[in-house]
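Taking it in order: structure first as structure tokens, then the write-up.
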Amino acid sequence: MTIFYFTSTGNCLAVAKKIGGNLVSIPQVIDLPDLHFKDNVIGLIFPVYGFGMPKMVRKFLERATWEADYSFAIGTYGNLPGAAMVDVQKFAKKYGQHFDYAESLLMVDNYLPGFDMNDQIAKLPEKHIDENLSRIIADIQNCRRLDAAAGPVWKALTAVVKSGENLFMNGKQGQRYMISQNCTQCGICAKICPAGNITVTDTVMFKSQCEGCLGCVHICPQNAIHMKNEKSISRWRNPDVSLNEIITANNRQKGNTK
Ligand SMILES: Cc1cc2nc3c(=O)[nH]c(=O)nc-3n(C[C@H](O)[C@H](O)[C@H](O)COP(=O)(O)O)c2cc1C
Ligand code: SF4
Ligand code: SF4
């Protein structure tokens, strides 16, 4: 089994690790000229962004082809998935591929402009993540087929959210973040950025390929990156995933010490 995943704060990687198999981080393969893969089972795990997929996951699906006996997609989300799973199945089909199974999994919502991370952490017990993930794992082991469904209201809402998002997700979101004096220029934000959008010299600089994943904001060890509209000072990293695992997954600047 090969699982392709995208993660900023570790939820998707934690899920991928629990399912197992050969785990491949999408930022590490997105620039490869050949994206053809072959395995008995192929999976995709992504965080739901604005009721849909992150830009890089869409880009991956536009180019990737695979041969597999069974394929699945899981979208992790924090509050409402909208029609994200309908979207991923439709999108794959548009590019000549398909997912036999598409399911979403409720986890911590890392969208800081919307949610206080302390509240999110307090709500963890009521999300029943382990039970829901066990059910999904059993489904995958049994090669269950599942087409995602969403009513017309969700589909319409998803279209509205996505069109708004296209306006704001222009790749320059990071340039609006504020760096506090706590910054030690350690360079970790540059290493955990899945888009290779950050350079650290005497200052932290954001280019214009930001995915808006908020990884740098959450993972900075000094809590030195802030958003004007963040709902809490508290940050989130999935406790089942280490900082080094996120660096290994997302570092696009191999060989760079900073
Ligand atoms: C830009 C952005 C948009 C998001 N949009 C949604 C959303 O529409 N619905 C939702 O329930 N969660 C949303 N989330 C929360 C993430 O989907 C959720 O926290 C996910 O599990 C994060 O996975 P990761 O830790 O692997 O990055 C959003 C998060 C970000 C950063
Ligand atoms: S991770 Fe934080 S402390 Fe390190 S360089 Fe980036 S902003 Fe500064
Ligand atoms: S700059 Fe920050 S928010 Fe933008 S893609 Fe990189 S880690 Fe994510």
Side-chain angles (χ1 to χ4, degrees), residues 5-17 25-27 45-57 74-84 87 104-115 117 120 127 129 154 157-158 161-162 164-165 168-169 171-227 235-241 243 245-247 249-253 258:
Y5 68 94
F6 180 93
T7 194
S8 74
T9 56
N11 290 349
C12 292
L13 178 50
V15 171
K17 281 167 62 177
S25 171
I26 290 174
I45 306 181
F46 66 94
V48 171
Y49 285 180
F51 296 168
M53 290 173 271
K55 256 190 318 193
M56 193 182 293
V57 174
I74 300 170
T76 76
Y77 71 104
N79 274 283
L80 293 168
D87 187 39
S104 53
L105 177 66
L106 181 59
M107 299 186 82
V108 158
D109 201 314
N110 66 2
Y111 189 64
L112 264 179
F115 304 100
M117 291 305 115
Q120 284 301 301
K127 295 198 174 181
I129 297 172
W154 273 120
L157 261 177
T158 298
V161 170
K162 273 168 44 188
E165 199 183 56
F168 297 109
M169 297 291 240
K172 295 186 176 169
Q173 303 92 302
Q175 294 170 9
R176 294 195 289 271
Y177 300 162
M178 297 164 299
I179 310 296
S180 82
Q181 288 182 340
N182 293 343
C183 174
T184 57
Q185 288 88 39
C186 69
I188 286 173
C189 50
K191 292 182 186 162
I192 59 84
C193 174
N197 191 50
I198 303 177
T199 48
V200 180
T201 49
D202 293 343
T203 52
V204 177
M205 300 283 288
F206 294 88
K207 297 180 238 173
S208 43
Q209 290 117 33
C210 183
E211 288 277 325
C213 74
L214 308 187
C216 52
V217 181
H218 282 283
I219 306 294
C220 166
Q222 306 300 330
N223 202 347
I225 308 183
H226 294 272
M227 305 173 80
R235 302 297 192 242
W236 169 254
R237 170 162 55 82
N238 190 296
D240 294 332
V241 170
L243 172 60
E245 285 176 309
I246 296 191
I247 291 175
N250 287 354
N251 192 1
R252 304 284 298 275
Q253 311 191 326
K258 271 206 168 175

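For ligands, and for the atoms within them, numbers begin at 1 and follow the listed sequence. The chain is numbered in sequence order, starting from 1.
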*Below 4.0 angstrom from a heavy atom of C220, which ligand 2 atoms are there? Numbered from 1 as shown, please.*
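In order of numbering, the contacting atoms are 1 (S), 2 (Fe), 3 (S), 7 (S).
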
*By number and element, which atoms of ligand 2 are closer than 4.0 Å to a non-hydrogen atom of G187?*
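What qualifies from ligand 2 is 4 (Fe), 5 (S).
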
Quick one: does [X] get an N or O within less than 3.5 Å of an N or O on ligand 1?
| X | answer |
| --- | --- |
| G212 | no |
| F51 | yes |
| L214 | no |

My understanding is that we take every heavy atom of each candidate and find the minimum distance to [atom]. Doing that for [options], which one comes out nearest?
| atom | options | result |
| --- | --- | --- |
| atom 16 (C) of ligand 1 | L80, V241, N110, L13 | N110 |
| atom 26 (O) of ligand 1 | D109, T7, I45 | T7 |
| atom 3 (S) of ligand 2 | I225, I219, T184 | T184 |
| atom 18 (C) of ligand 1 | V217, V48, V108 | V108 |

For ligand 3, which atoms, with element, lie under 4.0 Å from some heavy atom of [X]?
| X | result |
| --- | --- |
| F206 | 1 (S) |
| Y177 | 3 (S) |
| I198 | 1 (S) |

*May I ask whether G50 has any heavy atom positioned less than 4.0 angstrom from an atom of ligand 1?*
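The answer is yes, since G50 has a heavy atom less than 4.0 Å from ligand 1.
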
*Report yes or no: does N238 have a heavy atom closer than 4.0 Å to ligand 1?*
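No, N238 has no heavy atom closer than 4.0 Å to ligand 1.
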
*For atom 6 (Fe) of ligand 3, does an N/O/S atom of C193 lie at less than 2.8 Å?*
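Here the distance criterion (N, O or S atom, under 2.8 Å) is met by C193, so yes.
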
_Residue-ligand contact G174/ligand 3, heavy atom below 4.0 Å_ =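 Under 4.0 Å: no for G174.
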
*Between the side chains of K127 and Q120, does any donor sit under 3.5 Å from an acceptor?*
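There is such a pair between these side chains.
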
_For W236 and N11, which I'm curious about, is there any donor-acceptor pair between the side chains at under 3.5 Å?_
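There is such a pair (donor and acceptor under 3.5 Å, judged by atom type) between the side chains of W236 and N11.
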
*Do the non-hydrogen side-chain atoms of C213 and P194 ever get within less than 4.5 Å of each other?*
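Side chain of C213 against side chain of P194, heavy atoms only: contact under 4.5 Å found.
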
*May I ask whether P221 places a heavy atom under 4.0 Å from ligand 2?*
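Distance cut 4.0 Å: P221 passes for ligand 2.
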
*To the nearest 0.1 Å, how far is atom 4 (Fe) of ligand 2 from its closest protein heavy atom, and which atom is that?*
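So the nearest neighbour among protein heavy atoms is C186 SG, 2.2 Å.
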
*Among all protein heavy atoms, pick out the one at the shortest distance from atom 8 (Fe) of ligand 2; state its residue, atom name and that distance to 0.1 Å.*
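In this structure, atom 8 (Fe) of ligand 2 has C183 SG, 2.3 Å as its nearest protein heavy atom.
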
*Does the shortest distance from atom 6 (Fe) of ligand 2 to an N/O/S atom of C189 fall below 2.8 Å?*
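A backbone or side-chain N, O or S atom of C189 is under 2.8 Å from atom 6 (Fe) of ligand 2.
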
